[in-house]
Amino acid sequence: MANLVDVSSNNHPNGSPIDWCDLTRQGVRGVIVKASEGTSYLNPWLARDSHGARAAGLLVGYYHFAHPGQGGPAAEVDYFARCVQELPHELG
């Protein structure tokens with residue numbers, strides 16, 4: 001198992017939460033959570049995943065999936081920053 005994993009809403013089949021404690025038992029030390037995409041998509045699990053991972057003792061960071069042509073890079077960076085500004089993070 002890797003020391004760092006990335007997660008997104010795809011890691012929640014049928015709406016099931018991630019077992020963060022199980023990941024720490026497997027040796028995972030940090031998680032990169034997909035926060036946003038383009039200028040309008042917000043990962044619906046973003047806050048729950050970031051707080052759940054941190055509560056399990058994992059380091060937390062975020063990533064954004066770019067969509068060229070949706071307002072340009074500056075608009076996407078601004079949207080991403082607004083999505084994660086209130087969330088805990090150590091990686092990034």
Side-chain angles (χ1 to χ4, degrees):
M1 177 58 68
N3 285 329
L4 183 67
V5 296
D6 76 270
V7 300
S8 70
S9 60
N10 292 329
N11 297 101
H12 296 277
N14 300 314
S16 62
I18 293 172
D19 186 341
W20 298 108
C21 291
D22 184 52
L23 287 177
T24 60
R25 285 190 295 274
Q26 293 179 45
V28 173
R29 301 202 47 206
V31 60
I32 303 294
V33 180
K34 179 179 180 179
S36 54
E37 189 170 322
T39 56
S40 60
Y41 174 80
L42 174 66
N43 176 358
W45 289 89
L46 175 60
R48 284 178 278 185
D49 282 349
S50 59
H51 290 293
R54 189 140 189 235
L58 297 170
L59 300 173
V60 179
Y62 306 99
Y63 72 94
H64 172 82
F65 190 87
H67 276 286
Q70 284 195 2
E76 291 201 36
V77 168
D78 181 59
Y79 181 67
F80 170 69
R82 285 184 283 124
C83 289
V84 300
Q85 70 184 357
E86 300 295 323
L87 297 173
H89 64 279
E90 295 77 26
L91 303 172

Task: Asn3 to Gly27 - nearest heavy-atom pair and separation - done: OD1-O, 3.1 Å
Open item on the list: Do His51 and Pro88 make a side-chain contact, defined as non-hydrogen atoms from C-beta onward lying under 4.5 Å apart?
Closed with: yes
- [ ] Enter the distance from Thr39:OG1 to Tyr79:OH here, rounded to the nearest 0.5 Å.
- [x] 7.5 Å
- [ ] Enter the distance from Asn11:CG to Asp6:CG here, rounded to the nearest 0.5 Å.
- [x] 7.0 Å
Task: Side-chain heavy-atom pair Trp20, Asp49 within 4.5 angstrom cut-off - done: yes
TODO: State, to 0.1 Å, how close Ala75 and Gly71 come at their nearest heavy-atom pair, and which atoms those are.
DONE: CB-O, 3.4 Å
Open item on the list: With heavy-atom distances below 4.5 Å as the criterion, would you say the side chains of Asn10 and Lys34 are in contact?
Closed with: no
TODO: Measure the spacing between CG of Asp19 and CD of Gln26 and express it to the nearest 0.5 Å.
DONE: 8.5 Å
- [ ] Measure the OG-NE2 distance between Ser40 and His67 for me, rounded to the nearest 0.5 Å.
- [x] 8.0 Å
TODO: Tell me whether Leu87 is reachable from Val5 by hopping between hydrophobic residues (I, L, V, M, F, W, Y) whose side-chain heavy atoms are closer than 4.5 Å.
DONE: yes
Open item on the list: I'd like to check Glu37 versus Asn43 (side-chain heavy atoms, cut-off strictly below 4.5 Å). Are they in contact?
Closed with: no
Open item on the list: Taking the ring centre of each residue, are Tyr62 and His64 less than 6.0 Å apart?
Closed with: no
Open item on the list: Distance check, rounded to the nearest 0.5 Å: Ser36 atom OG versus Phe80 atom CZ?
Closed with: 5.5 Å
Open item on the list: Using side-chain heavy atoms (C-beta onward) and a distance below 4.5 Å, is Arg82 in contact with Leu42?
Closed with: no
Task: Of Leu58, Leu59, Leu4, the residue whose pairing with Val28 passes side chain to side chain contact (heavy atoms under 4.5 Å, CB included) - done: Leu58
- [ ] Check whether any side-chain heavy atom of Leu23 lies under 4.5 Å from a side-chain heavy atom of Ile18, and answer yes or no.
- [x] yes
